Amino acid sequence: MDKLAMIKRAEELVGTIEELPTIPVVATQVLLLLDQPDVRVEDVADLMLTDQVMTARVMKMVNSPVFKPGHEITSLRLALVYLGLKHIRELALTTSLINAFDSDTGTFEISAFWEHSFGVGMVSKIIAGKIGYPDLEKAYIGGIIHDLGVVFLSQYQREEFQAVLDSIKDKPVKLVDAEAERLGTTHCEIGLCMARKWNFPEVYCELISCHHAPAEATIDPVLCAIVNLSDLFCSVRELNYGGREWVSFNLSEEEAWQILRNEAPNLANLDVERFCYELDDAIPDVRELVRSIFNSQEQAGD
C-alpha cells in the first residue's frame with residue numbers, strides 16, 4: 001500500500017480525536033527551559049517540583065537499574081546533577097508520555113505496553129553501544145517512543161484494533177501487515193502524525209514512521225535499524241503486550257542487521273547467542289522499572 005495514502009488515512013484518524021493527549025504543560029516548559037543557553041539546574045528542579053507525578057517518576061527512574069546510581073538519590077536537585085542536563089530532556093519527555101497514556105481503557109494493559117517500550121529502549125541502548133553509535137540517549141528515547149501509534153489504536157480505535165489483534169493471534173502475520181489491510185494505515189503512520197502534532201524532532205518522527213522498514217529511512221537509518229532489532233528481540237522475549245503478536249526472526253536475515261553490519265563490520269565476529277544472553281539480563285530490570293513507575297503514579301494520585 002502507498003505510504004502517502006497510509007499517512008493521509010492516519011491523519012484522518014488522528015484528526016477525529018478532539019482531545020488527543022498532550023504533553024503536560026510542565027514538561028513543555030522544562031523542554032523550553034533546557035533550550036536556554038544559561039539554564040541552571042536549580043531552575044529546572046524548581047519547575048519540575050510543581051508537578052508531583054513527574055517528580056515521583058523521575059526519582060523512580062534515576063534510582064532504577066537504567067541509570068545505576070552508586071547509592072540512592074533522595075533529592076530532585078541531586079538527581080538532576082547526577083543525570084546532567086542532556087538526560088533531563090529524556091526523562092521529562094518519557095514521564096510526559098507515560099502521563100499522556102496511563103489508563104487501562106484500551107485493548108491491553110498499559111503497563112504491558114510500557115514494559116515493551118522501556119524494554120526496546122534499554123535494548124536499543126545496549127545495541128547502540130555495541131556498534132559504536134554516537135548517541136546512546138537518542139537510541140534509548142527512540143526505543144521508548146517507537147510504538148506510540150499502537151497506544152492510539154488501542155485507546156481510540158478499540159474495536160477495530162481488537163479485530164486486528166484477533167485476526168493475527170497465533171498466525172505468522174505481522175501486526176503492521178494486518179493493520180494496513182484492515183485499517184488502511186498502520187501504527188507507524190499514526191505515530192508519525194502524533195509526533196508531528198507534538199513537534200517532535202524530525203529524527204524521531206522518521207524513527208516512528210520507519211521502525212519496521214529501516215531501509216526507507218533517510219535521516220538516520222542506523223537508529224531505525226537499532227530500534228527495529230530491539231523491537232524484534234523484546235517481542236520474542238515476551239515483552240510484547242501479553243504475547244498477542246506472532247514473531248519469529250533470524251538475525252542474519254534481517255534488513256536491519258545488514259544496515260548495522262555495514263555500519264560496524266566488527267559485528268561479523270559477534271557471538272550472537274552470548275549477546276542475546278546479555279540482552280536477556282536487562283529484562284527483569286525493565287519489569288521492575290515499569291512496576292515502580294506505576295506504583296509511584298498511584299501513590300502520587302492518593
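Source: prediction; values computed, not measured. The first residue of the sequence shown is numbered 1, and numbering continues consecutively from there.
- Under the 3.5 Å distance criterion, with hydrogens and angles disregarded, no donor-acceptor pair is assigned to the side chains of Asp271 and Tyr277.
- Between the side chain of Asn63 and the backbone N or O of Glu72, no donor-acceptor pair lies under 3.5 Å.
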| said: Is there a side-chain contact (heavy atoms from CB on, under 4.5 Å) between Ile283 and Phe233? Walk through the geometry before answering. | reply: CA-CA 11 Å; Ile283 289 176; Phe233 178 84; 4.2 Å; yes
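- Considering all non-hydrogen atoms of both residues, Glu254 and Asn228 come closest at OE1-OD1, 4.4 Å.
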| said: Working note: Glu216 + Ser209, criterion side-chain contact (heavy atoms from CB on, under 4.5 Å); need CA distance, chi angles, decisive distance, verdict. | reply: CA-CA 9 Å; Glu216 292 177 9; Ser209 177; over 6 Å; no
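- Here the closest heavy-atom approach between residue Glu179 and residue Phe161 is recorded as OE2-CE1, 3.5 Å.
- The minimum heavy-atom distance linking Ser124 with Gly143 is given by the pair OG-CA, 4.1 Å.
- Taking the six-membered ring where the residue is Trp, the centroids of His187 and His146 are separated by 6.0 Å or more.
- When hydrophobic clusters are built by joining Ile, Leu, Val, Met, Phe, Trp and Tyr residues whose side-chain heavy atoms come closer than 4.5 Å, directly or via intermediates, Val222 is grouped together with Val227.
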| message | Let's go through His116 and Val150 carefully: what are the C-alpha distance in whole Å and the side-chain angles of both, what is the deciding distance for side-chain contact (heavy atoms from CB on, under 4.5 Å) to 0.1 Å, and is it a yes or a no? | response | CA-CA 11 Å; His116 174 75; Val150 171; over 6 Å; no
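- Between Asp177 and Lys174, no side-chain nitrogen of the basic residue sits less than 4.0 Å from a carboxylate oxygen of the acidic one, so the salt-bridge criterion is not met.
- A donor-acceptor pair shorter than 3.5 Å can be found between the side chains of Glu189 and Thr186.
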| When you look at Gln162 and Asp166, which way does the side-chain contact (heavy atoms from CB on, under 4.5 Å) test go after all the steps? | CA-CA 6 Å; Gln162 186 63 60; Asp166 291 344; 3.0 Å; yes
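- Residues Tyr140 and Phe118 are in side-chain contact: their nearest non-hydrogen atoms beyond the backbone lie under 4.5 Å apart.
- By the criterion of side-chain heavy atoms lying less than 4.5 angstrom apart, applied directly or through intervening Ile, Leu, Val, Met, Phe, Trp or Tyr residues, Met61 is grouped together with Val30 in one hydrophobic cluster.
- Considering every non-hydrogen atom in both Leu229 and Ala256, the closest pair reads CG-CB, 3.7 Å.
- By the criterion of side-chain heavy atoms lying less than 4.5 angstrom apart, applied directly or through intervening Ile, Leu, Val, Met, Phe, Trp or Tyr residues, Tyr82 is grouped together with Met59 in one hydrophobic cluster.
- In this structure, Trp257 and Leu267 have side chains that are in contact, with non-hydrogen atoms separated by less than 4.5 Å.
- At a threshold of 4.5 Å between side-chain heavy atoms, the hydrophobic network of Ile, Leu, Val, Met, Phe, Trp and Tyr places Leu136 and Leu207 in two separate groups.
- Grouping the Ile, Leu, Val, Met, Phe, Trp and Tyr side chains by contacts below 4.5 angstrom, directly or via other members, places Val203 apart from Ile7.
- Under the 4.5 Å side-chain criterion, counting only non-hydrogen atoms from C-beta, Leu165 is in contact with Leu175.
- In plain terms, the two heavy atoms of Tyr204 and Gly142 that are nearest each other are CE2-N, 4.2 Å.
- Counted by atom type alone, Asn262 and Gln258 present zero donor-acceptor pairs between their side chains at under 3.5 Å.
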| So Glu12 and Arg9, salt bridge (Lys or Arg N to Asp or Glu O under 4.0 Å) or not? Walk me through it. | CA-CA 5 Å; Glu12 289 169 5; Arg9 175 66 181 139; 3.4 Å; yes
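- Contact between Thr185 and Met6 at its shortest, heavy atoms only, is OG1-O, 2.8 Å.
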